[in-house]
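Here the structure is a predicted model, which is why all the values come from computation and not from measurement. Numbers here simply count residues along the sequence, with the first being 1.
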Amino acid sequence: MRIRIAGAGVMGRGIAQWAVAAGHTVELCDARPEAVPEAVGFVRAMLERAAAKGRTTPAEAAAAVARLVPLDDPAAPGEEVDLVVEAVREDLATKTGLFRALEQVLPAHTVFATNTSSLPVTRIAAGLADPTRLAGLHFFNPVPLMKIVEVVPGALTRPEIPPALVKLVQDTGHAAVVVADTPGFLVNHAGRGLVTEALALLEESVADIVGIDRVARDVLGLRMGPFELMDLTGLDVTAAVIDSIWHGFRHSDRLRPSFLTPGRVAAGLHGRKTGRGFYPYGDTDPAPAAVPEEPVTGDAARPVLVHGEGPDADALRQALTRAGAVLETTPEPSARALVLVPTWGTTVSSAVAGGSLPPDRTLGVDPLSVPTGRRVLALTPASAPDAVRDARAVLALAEGAEGKGGAAEPRRVTVVRDTPGSVAQRLLASVVAVAASIAERSIASPEAVDAAVTAGLGYPRGPLAWGDLIGVQRLLALQQRLHAATGDPRYRPTRWITERAQLGLPLTELGAVPPHAVP
């Protein structure tokens, strides 16, 4: 296949490397002709590096470079061009103008594909004489490593084009998901669940930036915390995407932006590229994941009573017992005992009120954190400092797992303010709810949602599969309690989760749908 890539920037280079490595002949061009030799040199260097690392052979790398054809003019005639992939700046007029020029010089059989990440494919196509020949083909950076591509049909795209693009992508070893032409498509839309909720937690002072990131990494198993991720992407980019998707979905409460971002963007706190974002990035500053922990100084021998019944309370008692903590089993705590309450979608304060518990020494524990390397301890305005300090020491010892040589490995403990659901539950509930709303709207199939999010965002599992792992009934209870406790429509249960909980179906199952609703 002969592919013309219009745009020699970061994305264009990556797409060119992907295409020539797959055996295609690639014409690489840019509105600035001087950018093309630099892009060709970049692709050559990347292929040579791949050969040096043994991912390909020197002969294969040389052959791939030979298939790269530099062009001076993006709108040059080309009867043999089968596909054009546009990778120019995110501007509707720029993209439409390019495709209009290409219509004049390329044959009718040439398929047009836009790599837009935020503009409606249908709006780009509407500016063409033949809008049926254009679809979205959204790659992620770096293209050779991010092995997921969104195929986005416009309202008038010819029906044979999306399957052909899917096959092209799959034949190169990448995964392709077909996504409806909606704001943010699939991956960027799904990613709003994590970052918007993290910003909401920060707005409410539930935890600081470091604490939220630690919980996201160590409790939920994410590769990066949400603030570390926004610093990597650039807050200017992230904030624009958040606003675009929120406006596109007509101010959906579930996608609501934060008041924190505009000021930080205006101040130039964009992240790594500006040297400072949510974290500083000076030569002597630690990486976000390496920020030192506060030392544990409390009394780990202080007695503890676990309040409540059920699996969450039992799991916490078992962990404390295995660690050798002093565990009380009486109905009421002794005069000095700490009271630990595992909360699911509720608050410690409500447990204190409902159970007549001592407010100064009753604290919460997130059940999601109990089996992980980091425990999450929630304090209330009534919590005594010594109770917080000692509870942190107890949870640090309560491991429930043995390290090498049979020695118990200390756990780390993050202290947060009391909030319905605590940090990990709120992040997870938001991630799953946004993904469920994508499936509910038939933007993509459940299988595509999980495949795209796992590959595109690096989550340990797809969000719908994650919800199934937690349990649909348990997840619905979490959403209902968050909604009831806050009154915020942001947390209202989605139809997708509610119906499947009622019917005993997993979130990952599409189920019976009318023919017009099939993605």
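- Under the rule for a side-chain hydrogen bond (donor to acceptor under 3.5 Å, both in side chains), D82 has no partner lying at least two apart in sequence or in another chain.
- A search for side-chain hydrogen bond (donor to acceptor under 3.5 Å, both in side chains) contacts involving D450 returns nothing, not counting sequence neighbours.
- E150 places no side-chain N or O within donor-acceptor distance of the main-chain N or O of F185, the cut-off being under 3.5 Å.
- Judged by distance alone, the side chains of T94 and D91 do bring a donor and an acceptor atom under 3.5 Å apart.
- Under a 3.5 Å cut-off, the side chain of S369 and the backbone N or O of D366 do form a donor-acceptor pair.
- Judged purely by atom type and a 3.5 angstrom limit, H174 has no side-chain atom pairing as donor or acceptor with the backbone of W18.
- D253 places a side-chain heavy atom less than 4.5 Å from the side chain of R256.
- The minimum heavy-atom distance linking L507 with D468 is given by the pair N-OD1, 2.6 Å.
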Below 3.5 Å, can you tabulate the donor-acceptor pairs from side chains in residues 32-42 to any protein atom, sequence neighbours excluded?
from	atom 1	to	atom 2	distance (Å)
E38	OE2	R13	NH2	3.1

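- Applying the side-chain contact (heavy atoms from CB on, under 4.5 Å) test to E440 and every residue at least two apart in sequence or in another chain returns T494, R495, W496.
- Side-chain contact check for R374 and T414: at least one donor-acceptor pair (N or O, by modelled atom type) lies under 3.5 Å.
- Between the D30 side chain and the A8 main chain, a donor and an acceptor come within less than 3.5 Å of each other.
- Put simply, the side chain of R44 does not reach to within 4.5 Å of the side chain of L47, judged on heavy atoms.
- The salt bridge (Lys or Arg N to Asp or Glu O under 4.0 Å) contacts involving residues 189-216 comprise E197-R426, E197-R490, E204-R426, R214-E293, where partners must be two or more places apart or lie in separate chains.
- Side-chain atoms of E60 come within 3.5 Å of backbone atoms of T57 as a donor-acceptor pair (strictly under, hydrogens ignored).
- What you find for A135 and I161 is that their closest heavy atoms are CB-CG2, 4.1 Å.
- Side-chain atoms of N115 and E86 form no donor-acceptor pair, as typed in the model, at a separation below 3.5 Å.
- Contact annotation: the side chain of Y459 approaches that of V431 to within less than 4.5 Å [non-hydrogen atoms, C-beta and beyond].
- The closest donor-acceptor contact from the side chain of R4 to the backbone of A76 lies under 3.5 Å.
- Every residue two or more places apart in sequence or in another chain that forms a ring pair (Phe, Tyr, Trp, His ring centres under 6.0 Å) with F112 is listed here: F99.
- Between P371 and L368, the closest heavy-atom pair is CD-O, 3.6 Å.
- Considering only heavy atoms from C-beta on, L83 comes within 4.5 Å of V85 through its side chain.
- The 12-atom threshold is not exceeded at CD of E80, counting heavy atoms of other residues, nucleotides or ligands nearer than 6.0 Å.
- Within 6.0 Å of atom CZ in R67, more than 12 heavy atoms from other residues, nucleotides or ligands are found, so the atom counts as buried in its surroundings.
- To the nearest 0.5 Å, atom CE of residue M11 and atom CD1 of residue I5 are 10.0 Å apart.
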Donor-acceptor contacts, no H, no angles, side chain residues 264-274, under 3.5 Å, sequence neighbours left out:
from	atom 1	to	atom 2	distance (Å)
R264	NH2	G277	O	2.8
H270	NE2	V265	O	2.9
K273	NZ	D236	OD1	2.9
K273	NZ	D236	OD2	3.1
T274	OG1	G268	O	3.0
T274	OG1	H270	N	3.2
T274	OG1	G271	N	3.4
T274	OG1	G271	O	3.2
T274	OG1	R276	O	3.0

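- The minimum heavy-atom distance between I212 and P226, with the atom names listed, is CG2-CG, 4.1 Å.
- In this structure, H24 and T172 approach most closely via the heavy-atom pair NE2-CG2, 4.3 Å.
- Closest approach of V151 to A176, counting heavy atoms only: CG2-CB, 4.3 Å.
- Counted within 6.0 Å of CD on E499, heavy atoms from surrounding residues, nucleotides or ligands total more than 12; the atom is thus considered enclosed.
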Exercise. Going through the distances and angles, do F249 and H189 end up as a ring pair (Phe, Tyr, Trp, His ring centres under 6.0 Å)?
Worked result: CA-CA 10 Å; F249 281 104; H189 184 173; 4.7 Å; yes
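- Judged purely by atom type and a 3.5 angstrom limit, T372 has no side-chain atom pairing as donor or acceptor with the backbone of V219.
- Counting heavy-atom neighbours within 6.0 Å of R461 CZ, excluding the residue itself, gives a total above 12.
- Under the salt bridge (Lys or Arg N to Asp or Glu O under 4.0 Å) criterion, the residue pairs touching residues 169-185 are K167-D171, with sequence neighbours excluded.
- Counting only heavy atoms from C-beta outward, the side chains of L194 and L457 never approach each other to under 4.5 Å.
- Taken from CG in L137 to CG in L134, the straight-line distance is 10.5 Å, to the nearest 0.5 Å.
- Listed by chain and residue number, W246, H247 satisfy the ring pair (Phe, Tyr, Trp, His ring centres under 6.0 Å) test with H251 (two or more places apart in sequence, or in another chain).
- Distance check, rounded to the nearest 0.5 Å: OG of S118 to CG of N188 gives 8.0 Å.
- With T157 contributing its side chain and G154 its backbone, the two residues share a donor-acceptor pair below 3.5 Å.
- Checked by atom type, the side-chain pair T116/E90 shows a donor-acceptor distance below 3.5 Å.
- Under the 3.5 Å distance criterion, the side-chain polar atoms of K95 are matched with a main-chain donor or acceptor of V88.
- With a 4.5 Å cut-off on side-chain heavy atoms, V195 and F227 do not count as touching.
- Partners of Y279 according to the ring pair (Phe, Tyr, Trp, His ring centres under 6.0 Å) rule, which considers only residues two or more places apart in sequence or in another chain, do not exist here.
- P506 has its side chain out of reach of R500: every pair of non-hydrogen atoms, C-beta onward, lies at least 4.5 Å apart.
- Looking at heavy atoms from C-beta onward, P74 lies in side-chain contact with L98 at the 4.5 angstrom threshold.
- The salt bridge (charged side-chain N to carboxylate O under 4.0 Å, His left out) search around E160 returns R158, not counting sequence neighbours.
- S422 places no side-chain N or O within 3.5 Å of a backbone atom of A424 that could act as its donor or acceptor partner.
- Residues satisfying the salt bridge (charged side-chain N to carboxylate O under 4.0 Å, His left out) test with D285, not counting sequence neighbours, are none.
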